[in-house]
Amino acid sequence: MLQVKNIRKKYVTGELEQIALNDVSLNLRDNEFVAILGQSGSGKTTLLNVIGGLDRYDSGDLIINGISTKNYSDRDWDSYRNHTIGFVFQSYNLIPHQTVLANVELALTISGISGAEKRQRAIDALTQVGLGNQLHKKPNQMSGGQMQRVAIARALVNNPDILLADEPTGALDSDTSIQVMDLLKEVAKDRLVVMVTHNPELAEQYATRIVRLSDGKIVDDNDPFLVDDSKLAPPKHANMGKASMSFLTSLALSFNNLRTKKGRTFLTSFAGSIGIIGIALILSLSNGVNTYIHNIEEETLSEYPVTVQTTDVDLASMIQVAASSSVDEEAGEEVNERKTISSFFSQAKKNDLKSLRSYLESEECPVYDYANAIEYSYLVTPQIYRLDKEEYYQVNPNKSFAELNRTYGAMASRMPYNIFSSLPESDSLYKDQYDVLEGHWPENPHQLVLVVSQDNCITDVALYAMGLKDPSELDQMIQDYRDGKEVEEVSEIGKYKYSDFIGKQFKMVNIADRYQFDLKRKLYVDKEDDEKYMMNLVKNGQTLEIVGVVKKNADSKAGMLSHGVLYPFELEKEIILDASKSDIVKAQIKDPDVDVFTGKRFDD
């Protein structure tokens, strides 16, 4: 029996303190398949690492079969991991230049197992996972599912009491994932298997017990194991086995290191070092220049990436068509047609983005040899509001400025009223370009970050949206502008601390909830003008909070983030998922020929 008792774990970086596990207690049976679910940052992997001895807990106790690990030394933890725990990782962690058999044998090297027994146990473990006929293959000759089977065999070869699996199907397709899960389910019949996964469907299908974590705490356990501690013997401190390398193995390694004479080794090293140092100096200078140029190119392209849209227009061809359609000035008194709109539409081409994505994600596409990342945009606009006492203001999209745009045209459209935008999906593209001035980067979809300019400035539009400036002042300026009155520029420049922005909260509303089904008319009606309805909707909306303030660092030649308030890309995914579950979308999909807003057929 494994007992996790009041475990706490926090990570400290400078002044930032992140609690990963907050007083977690959990009893696990000797034979069960436990799946740990939760959002990113909920503490799943930390809990798995604590159970596996890869990470040390700050307080509490981890008890295995009555043995406490509270006072374990490094040597004790080594023995615990070697004899009690088997690990299966998402990335396999196989040594590429060794055979499958050698990879599995490596797990037994430190256990003092003899060569013949070590080989036989490795063969048996590989046979158990269905790879008995592929012992001499190397990992790069195998599929992802086969490599994961090798990883499971390596974890089982020491016959551990507990098997820990961290996202074992995360890098596999659906069919291969099912095969691996079937194997783990079979393994769980005679030992404890604990798996961390983001896939609730697989967990519910295969696991005998599901534990859900949120913010470092257990929020749900569908099959809890209750233990009366008063009936158990007090936990004791004990080593769970010896971890020692065999004498022959040690002798072989020592012989390989000492077989060359020291004098000859010294003379060879000295003579070779002269040439090596000279070459290294030349290469370092050359590589330094190449690296500098590469970094400049990379940072510049991050700010101006290659973009493929649904529709594009070949402007050069349009100009050529317009020039070729010019008529002779001496054509007489006839008025000739100049093709403009027809040329525009004929030159507008539709891009098949679905096929393009399939190609980009296929194995034959070489683009990843030349690009850092490929990002996808879905044109999702979060409906974000600011709640101020008993009033609400829509700040994204900003309706006040949008109406000015419709009414007053191009001049109003140039006003920077959109302060919310999405972060790239891959944080490796931008994090090195920016310094965190206060707080931290978002750690879940509902946390925001404020990006200020290089000179520490932020637009007044953003300040009005966050409520740091009086919104009635903005309303008055807009009204005066509409009425044709002269609007005086505010002379006083606002100054704010970074801490003024941290903790600022907004409310996000699912746009589908803004519509209500009219039973009489059998239509979905927009309730945006119903202030009471909208106030209740906003109050119950998803809370978004600014958790960090960042600025492009001095070393970066370019920055790919726009100034303003940015939300994680995962928020867009969440909005898309919520939309797919809404009644209004389901109703439209059920009857795709009739508009659910008007009741009329689309072809009419």
Side-chain angles (χ1 to χ4, degrees), residues 11 13-14 54-55 74 78 87 89-103 105-107 109-110 136-142 144 147 150-151 154 171 245 249-306 363-375 424-436 441 454 550-561:
Y11 297 99
T13 305
L54 297 177
D55 211 346
D74 290 342
D78 290 341
F87 294 95
F89 301 96
Q90 178 181 348
S91 56
Y92 320 131
N93 289 342
L94 302 178
I95 299 175
H97 62 269
Q98 290 192 347
T99 65
V100 166
L101 182 60
N103 269 279
E105 283 181 334
L106 192 63
T109 300
I110 200 171
H136 301 292
K137 280 189 176 181
K138 292 186 178 179
N140 58 9
Q141 297 174 314
M142 311 184 84
M147 286 192 286
V150 175
R154 183 183 57 192
M245 192 176 296
T249 303
S250 302
L251 186 62
L253 293 174
S254 300
F255 178 78
N256 287 333
N257 289 326
L258 298 175
R259 62 183 175 178
T260 304
K261 293 182 179 180
K262 292 183 179 180
R264 187 174 65 183
T265 302
F266 173 78
L267 290 175
T268 304
S269 301
F270 179 76
S273 65
I274 297 175
I276 292 172
I277 291 172
I279 295 173
L281 289 173
I282 296 172
L283 288 177
S284 63
L285 180 62
S286 173
N287 289 336
V289 173
N290 288 336
T291 301
Y292 176 77
I293 295 173
H294 176 76
N295 289 340
I296 293 292
E297 292 174 339
E298 201 171 72
E299 290 184 6
T300 303
L301 285 174
S302 73
E303 189 170 7
Y304 303 102
V306 177
E363 293 183 358
E364 63 265 20
C365 178
V367 69
Y368 286 100
D369 295 335
Y370 309 99
N372 280 343
I374 296 176
E375 301 274 325
E425 184 173 11
S426 175
D427 58 12
S428 62
L429 293 176
Y430 59 85
K431 277 193 174 181
D432 290 341
Q433 298 177 350
Y434 290 83
D435 291 329
V436 177
W441 289 100
Q454 194 70 15
V550 302
K551 179 177 74 171
K552 185 169 74 71
N553 57 50
D555 296 332
S556 297
K557 302 299 182 291
M560 72 178 304
L561 302 184

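What you see is a predicted model, and the numbers here were worked out from it, not measured in a lab.
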Asker: What's the shortest heavy-atom distance between Val100 and Val150, and which atoms?
Answerer: CG1-CG2, 3.6 Å

Asker: Please find the pair of heavy atoms, one from Pro139 and one from Leu94, that lie closest to each other, and give the distance.
Answerer: CG-CB, 4.0 Å

Asker: Atom CD1 in Ile274, atom CD1 in Ile279: separation rounded to 0.5 Å?
Answerer: 12.0 Å

Asker: Return yes if some donor-acceptor pair links the side-chain N/O of Ser286 with the main-chain N/O of Ile282 below 3.5 Å, else return no.
Answerer: no

Asker: Might you point out which heavy atoms bring Pro424 and Met560 nearest each other, and give the distance in Å?
Answerer: CG-CE, 3.8 Å

Asker: Going by heavy atoms in the side chains, are Leu561 and Tyr434 under 4.5 Å from each other?
Answerer: yes

Asker: Are more than 12 heavy atoms, taken from residues, nucleotides or ligands other than Asn93, located less than 6.0 Å from that residue's CG atom?
Answerer: yes

Asker: Are there over 12 heavy-atom neighbours, none belonging to Glu364, within less than 6.0 Å of that residue's CD?
Answerer: yes

Asker: Using every non-hydrogen atom in the two residues, find where Asn103 and Arg154 come nearest and quote the distance to one decimal.
Answerer: O-CD, 3.8 Å

Asker: Closest heavy-atom contact between Gln454 and Lys552?
Answerer: OE1-O, 3.1 Å

